[in-house]
Participant: 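Have a look at this one before I ask anything.
In this text the structure is predicted, and so the values were computed from the model without any measurement. One-based numbering, in listed order, for ligands and for the atoms of each. Values reported hereafter were calculated over all heavy atoms of this structure, with side chains retained and with hydrogens, waters and symmetry mates removed.
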Amino acid sequence: MPIIPTSARGGVITGWGTALPEKILTNDDLSKMMDTSDEWIRERTGIHQRHVGGSTASLSVESGRRAIEMAGVDPLAIDALILSTTTPDRAVPATSARVQHELGLSCGAFDINAACSGFVYGLATAHGLIAMGANKVLLIGTDTLSRITDWTDRNTAILFADGSGAAVIEAVEGPGEMLAWDIAADGSAEPLLYAEIGGFLHMDGKEVFRRAVRIMVDSAQKSLNNAGLSIDDISLVVPHQANTRIIKAACERLGAPLDKTAIVLHRTGNTSSASIPLALFDAVDAGRLQRGDLVLMVGFGAGMTAASSIIRWNGKGLQ
Ligand code: UT7
């Protein structure tokens with residue numbers, strides 16, 4: 001992917017918010033619904049529980065409102081809304097239309113679907129809009145995978161869940177937070193993970209696992225190279241929350257110690273577009289980032305897509 005021109009107008013995250021449905025489904029709950037066990041799910045995935053419920057619009061409005069409030073911006077001053085989702089509420093219109101209306105925005109709004117890489121695709125898109133003159137962009141990553149999950153299929157039902165994360169990104173003088181970005185896709189892998197319209201998710205878990213590690217490492221390496229950085233310069237890796245074994249294998253290959261990694265998977269499950277913002281803002285809220293720290297986000301998903309980005313944390317939200 002291209003190196004960011006030094007002349008590009010930059011942006012920084014000035015507010016964020018997350019949302020998880022109230023209803024929690026534990027591994028024990030699942031073991032009553034299908035032939036599985038808490039022990040197996042914890043060992044093979046790292047997941048202990050997940051949140052399910054709500055619609056993509058309702059969760060987006062919740063996280064989006066929090067992000068707008070934290071940034072302290074007038075909703076009417078937002079220039080664009082990008083909603084990353086694989087699970088729109090309707091085929092038409094884009095779910096972002098309802099979210100735009102409910103949040104009291106007057107700007108253009110559109111959905112993007114790059115599966116679990118979507119938030120990072122959206123981050124690059126948001127910074128691109130800012131480079132082209134937008135002043136404030138609201139980026140939301142939301143998925144309600146429970147609605148397209150077959151709750152009798154132990155191959156997928158143990159993994160997927162619902163959630164949302166949002167960020168307000170505002171233009172700044174100078175280069176801004178983004179140091180590098182990479183987006184990738186390999187459409188020939190479509191049969192490995194897909195859902196027909198109105199249908200359930202189908203997945204070749206083993207092959208997705210195998211490819212996931214490789215494409216996450218490839219994408220992360222590209223962003224590091226483009227930014228002229230090494231993994232040792234990174235303070236926090238925020239990987240897509242799919243399976244702790246995938247995260248461990250990718251981090252090991254990248255040379256990133258696990259204590260530098262943001263993980264919420266054990267309590268959220270795989271929330272697709274929401275997984276990276278949920279993990280990132282959990283780490284920020286826990287005080288794990290200082291001003292100037294470098295953050296590497298890296299995702300993979302159906303498509304098969306991959307995406308990564310390196311940002312310099314601007315210090316917002318520090319006590
Ligand atoms: O956002 C991207 C989304 N997708 C992913 O990230 C998926 C990536 N893949 C994975 O995370 C893993 O492949 C799974 C968690 C889906 C499966 O783990 P695995 O280690 O690849 O298990 P497996 O399919 O090789 O199955 C191992 C054994 C099998 O039994 P035998 O043949 O060894 O007797 C399965 O029948 O475990 C059995 N098994 C289960 N047992 C209890 C498979 N699923 C389950 C289950 N509970 N849910």
Participant: Could you tell me, for ligand 1, which of its N or O atoms are under 3.5 Å from any protein N or O, listing the pairs and their distances rounded to 0.1 Å?
Facilitator:
from	atom 1	to	atom 2	distance (Å)
ligand 1	1 (O)	H240	NE2	2.9
ligand 1	1 (O)	N270	ND2	2.9
ligand 1	9 (N)	G205	O	2.9
ligand 1	11 (O)	N243	ND2	2.7
ligand 1	13 (O)	G205	O	3.3
ligand 1	20 (O)	R44	NE	3.2
ligand 1	20 (O)	R44	NH2	2.7
ligand 1	20 (O)	R245	NH1	3.2
ligand 1	20 (O)	R245	NH2	3.2
ligand 1	25 (O)	K206	NZ	2.6
ligand 1	36 (O)	R154	NH2	2.9
ligand 1	37 (O)	W40	NE1	3.2
ligand 1	41 (N)	W40	NE1	3.4
ligand 1	41 (N)	R154	NH1	3.4
ligand 1	47 (N)	T36	OG1	2.6
ligand 1	48 (N)	T36	OG1	3.2
ligand 1	48 (N)	R154	O	3.2

Participant: Each residue besides L103 in its hydrophobic cluster should be listed here, by chain and number; the cluster joins Ile, Leu, Val, Met, Phe, Trp and Tyr at side-chain heavy-atom distances under 4.5 Å.
Facilitator: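 ILVMFWY cluster around L103 also holds V61, I68, V73, I78, L81, L83, V99, L105, L138, I140, V168.
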
Participant: Are any of the side-chain nitrogens in R66 or E69 under 4.0 Å away from the carboxylate oxygens of its partner?
Facilitator: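 Salt bridge flag = no for E69 with R66.
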
Participant: Report the C-alpha separation of V172 and N314 in whole Å, then their side-chain angles, then the decisive distance to 0.1 Å, and conclude whether the side chain to side chain contact (heavy atoms under 4.5 Å, CB included) test is met.
Facilitator: CA-CA 11 Å; V172 288; N314 66 69; over 6 Å; no

Participant: Quick one: name the residues clustered hydrophobically with L76, using the 4.5 Å side-chain heavy-atom rule over I, L, V, M, F, W, Y, and just say none if it's on its own.
Facilitator: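 Besides L76, the hydrophobic cluster comprises nothing; the residue is isolated.
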
Participant: Linking Ile, Leu, Val, Met, Phe, Trp and Tyr by side-chain heavy atoms under 4.5 Å, what else ends up with M132?
Facilitator: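 In the cluster with M132 there is nothing else; it is isolated.
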
Participant: Run the salt-bridge test on K23 and D29 with the 4.0 Å N-O cut-off and return the result as yes or no.
Facilitator: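 Answer for the salt bridge query: no.
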
